[in-house]
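Values in this document were obtained by computation on a predicted structure and should not be read as measured data.
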Amino acid sequence: TARVDIAEGYVVCHKFDQKLSKGQSSSPVLELISVFDDMCLLIRKKRSKKEMEDLLLELQEVFGADFPILRRLLPNIAVFLSNVGESDGVAPSTVGGEEKNNGNKSQMINLHAACFMLRRFFGVVSSASHPVMLFLDDLQWCDKSSLTVVDGILSDMAGSSGCLFVVGSYRNNEVDDDHIIFPFIDGLSSSGIKTTKLSLEGLSREDLNSLVSDTLCQFPRVCEPLSDIVFQKTRGNPFFALSFLKSLHEQRLLDYCDRKRRWVWDEDRIIALDVTGNVLHLLVSKMHGLSEDVQSALKVVSCFGTKMKASIAEYLSATSHYSNVLDGLEESCKLGLMIKVGCWGWRLVHDKVREAASTLVLDCEKNQYHYSLGMALYSTAKQGSDMSDVIFDIADQINYGIDGLVNPDLRCEISKLNVLAGIKAGVCSDYVTSRSYLRNALKLLPKNHWECDYDESLRLYVLLARSAYCCRDREGACNTLQHVFDHANCLGDKLDAYRLRVLMYTDNGQLEEAYIATQDVLKQLGEEIPESISTKETREMLQRTSSMLSGAPKASLLGADWNMERSVEFILEFYQKLFVIAYSAMPEYVPFFACRMVQLSMKHGSSKNSIMSYVQFATVICYTTYTAADIPEACRLSKLAISTIKNDHRCIDILPKVYFIYYAFVAPLTEPLQSCVDNLRRGFECGIASGDLSYGFANCVHDARLSLLMGTNLPTLLKKCEYYLAVLKNYNKLTHAFLEVYRDTISILMGK
């Protein structure tokens, strides 16, 4: 770490904690992303104002319209703006207020998107002149999502200008042969990432004797009898050996003799000691002799793992029961059981200290202790303006005791707390944890919750269905959605559920089911779709719609004031889904859908969905009538739409869709192919970053197609396809197959 500091780099450390019980919902991936967020503060501390300004400009250039998404993932990125002012087009950070929304898709970032954002972030902030060292301790307690994040960052940085060094440690006696860490290590090697494995054993007799000799300031030969006993008792475990020596000193079996002016010990009594072969016995014995304040502090910290935030201690110190917790923490540090971690909080010096501290609470009382601690924390935290920084900690502690909650009002209150925690977990890309919190929230609702708390029930079931789907639990998502369809009072309340159902059908390749479901929703919304459409009717419809658009001013089409009714927004959204589905399944209906969307947009005002509609209509004009006079007008309309979404952060979620439609189908007719390829790459990056994987991957397929058509250097293009395939792994088999065709074609052309 010293060498990294000398090189003006950053050392970032994270220790994974063992889950103490099923009561804990928050997962390691949330903590890992939080560590990356804290790295922003470290960068701010080490860089000058000018360097921070340069970094900000580079980040904004790399992320473009995705910069608000980065700020949502890493809220501390705001420190980059502290001295330079907000840039145009950069939306305010929404983290900390996310819990107040309904968990809309536009506010959620899936794990795949988070990995992609972090790759690009590390590519900017790390370099040979500013390397990053990431130390991950106790990997035996990590989860698959955390390793996915690390793997994604490392795989993308291989061969790039970024400089990242990752060190991981785990205890081989606490992992099985099928532990997730071993496929992770093998995957890094197969990806061409250089890995080195080191096995750290306990201290040898000779090394332990040197340690004892240095500690006591005596010749090694004099210390051999003592060090041999220590080795027999501790098997060379460094932490155990040091703890054992401290214990001997506390028991006056190892003491300094003023008369002899050296350390002396009682070998016979030390040999007779029974330490049960591990350090836990020593620590437990020591802790039971400590003051009540120190024991209380140790018990509190052990409930949160091996570390605790300073904000938690501040909240608890405001309660009567834990008023002395700060004194206890300070005394624990003096005793060497805990260390203060800057302004962040406190950390126990070793896992065994946490394990010993947890024994201070009887097993039969543990759940109640956690629950009482959580309620005490909640009672003070909720009085503030924002408790988002401790919401996971509060919910985790309270959830230990939710099975015993009887008071109906309190059950509803804790249910809403779990909903807030579930939404925030989803925002942080951890849908497994999000689903766990939301399930707890559902468990706490009364049996007649649809009658007594309809709005909360509706929101909760939609959130839970989305989290289940993002966890690839399609069956669970379908079952949850069915509750919405069975209990929702009106069509408007079912629209979010219908939207998710159609998305599930589409992503699963069930285009016929998706078409039928979408058509059914539109009919319920009052839209009539003809059973058949003739060529003549199509031509007349396109001519009428083109005439309507030709004289319309830009302000009326793409105005900044969005005033479209919610029901019309949904109609447009479902028509857009039909447009995409029909493109492959029922192409004769595509012009009808495009014209109908334009008519609705011009009648009911502008919105981001109307912007999308104009671009889709332009595509139809180019590929249906395809006359020299029509193409310029179609391009004019599309360029207006592109200009609008580039300058409006509200349109981030539709950017990959608009880029795909325009630069894959319309722009190649009038613009240089190189420009189209560059923007399709941009659409890919934005799609992955915003979580719109379907359109993100659609952009990359047509990037490869147009790159091949324009004669891109084949080795360069092959490398691009391999990169896309690597990002695409385990997702969207159809897109993967298209890219494989392009890759194989390029390989054949290269003679491979």
Side-chain angles (χ1 to χ4, degrees), residues 25 102-113 144-145 415 418-419 422-423 425-427 429-445 447-451 453-525 570 573-574 576-578 580-581 584-585 691-695 697 730-735:
S25 298
N102 291 325
N104 292 333
K105 182 181 177 183
S106 62
Q107 299 295 333
M108 311 286 264
I109 311 172
N110 61 37
L111 185 62
H112 208 127
K144 188 175 182 179
S145 297
S415 174
N418 273 278
V419 170
I423 292 174
V427 169
S429 314
D430 191 353
Y431 290 103
V432 173
T433 300
S434 175
R435 180 172 57 169
S436 178
Y437 284 125
L438 295 173
R439 282 175 170 172
N440 283 331
L442 186 59
K443 186 193 301 184
L444 288 164
L445 292 179
K447 291 183 178 179
N448 63 335
H449 57 86
W450 280 106
E451 289 76 28
D453 199 348
Y454 175 80
D455 291 338
E456 186 66 21
S457 299
L458 181 66
R459 180 174 78 138
L460 177 53
Y461 272 95
V462 172
L463 286 170
L464 185 55
R466 182 175 294 117
S467 291
Y469 177 63
C470 290
C471 292
R472 300 188 179 182
D473 179 12
R474 192 171 182 275
E475 182 179 356
C478 289
N479 293 336
T480 305
L481 285 178
Q482 193 57 49
H483 284 276
V484 178
F485 298 134
D486 293 341
H487 294 91
N489 291 336
C490 61
L491 175 62
D493 290 343
K494 298 178 182 179
L495 290 176
D496 283 324
Y498 276 124
R499 174 199 287 153
L500 182 56
R501 172 183 275 185
V502 172
L503 175 64
M504 290 164 58
Y505 281 142
T506 305
D507 285 352
N508 201 46
Q510 297 174 276
L511 298 185
E512 183 177 352
E513 290 83 352
Y515 186 91
I516 294 172
T518 307
Q519 188 179 47
D520 177 62
V521 174
L522 285 170
K523 286 183 178 179
Q524 293 183 64
L525 288 167
F570 272 108
E573 187 173 336
F574 281 104
Q576 287 165 9
K577 295 182 185 300
L578 274 185
V580 176
I581 298 169
S584 301
D692 191 349
L693 303 185
S694 296
Y695 276 98
F697 293 145
N730 302 323
Y731 186 89
N732 201 313
K733 294 181 179 179
L734 183 61
T735 305

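A517 and Y505 get closest at one heavy-atom pair: CB-CE1, 4.1 Å. The shortest heavy-atom contact between T506 and A514 is OG1-CB, 3.7 Å. Summarising the geometry of Y437 relative to A425, their closest heavy-atom pair is CD1-CB, 4.4 Å, with the distance given to 0.1 Å. In this structure, S434 and G422 approach most closely via the heavy-atom pair OG-O, 2.7 Å. The nearest pair of heavy atoms linking R499 to F574 is N-CZ, 3.7 Å. A465 approaches A477 most closely through the heavy-atom pair O-CB, 3.5 Å.
Here OH of Y431 is found 7.0 Å from OG of S467. Values are rounded to the nearest 0.5 Å. Atom CG of L464 is separated from atom CG of L481 by 9.5 Å, given to the nearest 0.5 angstrom. Atom CG of residue L495 and atom CG of residue L500 lie 12.5 Å apart, to the nearest 0.5 angstrom. In this structure, NE2 on H483 lies 12.0 Å from SG on C478, to the nearest 0.5 angstrom. With values rounded to the nearest 0.5 angstrom, N489 atom CG is found 9.0 Å from D455 atom CG. In this structure, the separation between CD on E456 and CZ on R459 is 4.5 Å, given to the nearest 0.5 Å.
R501 pairs by the salt bridge (Lys or Arg N to Asp or Glu O under 4.0 Å) definition with nothing, not counting sequence neighbours. Remark: N448 pairs with P446, E451, C452 by the side chain to side chain contact (heavy atoms under 4.5 Å, CB included) rule, at least two apart or across chains. Every residue meeting the side chain to side chain contact (heavy atoms under 4.5 Å, CB included) condition with A441, not counting sequence neighbours, appears here in chain and number order: S415, N418, V419, L460. Contacts of V462 classified as side chain to side chain contact (heavy atoms under 4.5 Å, CB included), with partners at least two apart in sequence or in another chain: R466, V484, D496. D453 pairs by the salt bridge (Lys or Arg N to Asp or Glu O under 4.0 Å) definition with nothing, not counting sequence neighbours. Remark: Y695 pairs with F660 by the ring-ring contact (aromatic ring centres under 6.0 Å, His included) rule, at least two apart or across chains. With sequence neighbours excluded, the residues forming a ring-ring contact (aromatic ring centres under 6.0 Å, His included) with Y498 are F485, listed by chain and number. By the side chain to side chain donor-acceptor pair (under 3.5 Å) test, S457 pairs with H449, sequence neighbours left out.
Applying the side-chain hydrogen bond (donor to acceptor under 3.5 Å, both in side chains) definition to pairs two or more places apart or across chains, those involving residues 509-522 are R474-Q510, N508-Q510, D520-Q524. Within the structure, no pair that satisfies the salt bridge (charged side-chain N to carboxylate O under 4.0 Å, His left out) test touches residues 476-495, not counting sequence neighbours.
Remark: side-chain polar atoms of D473 are not paired, donor with acceptor, to backbone N or O of Y469 under 3.5 angstrom.
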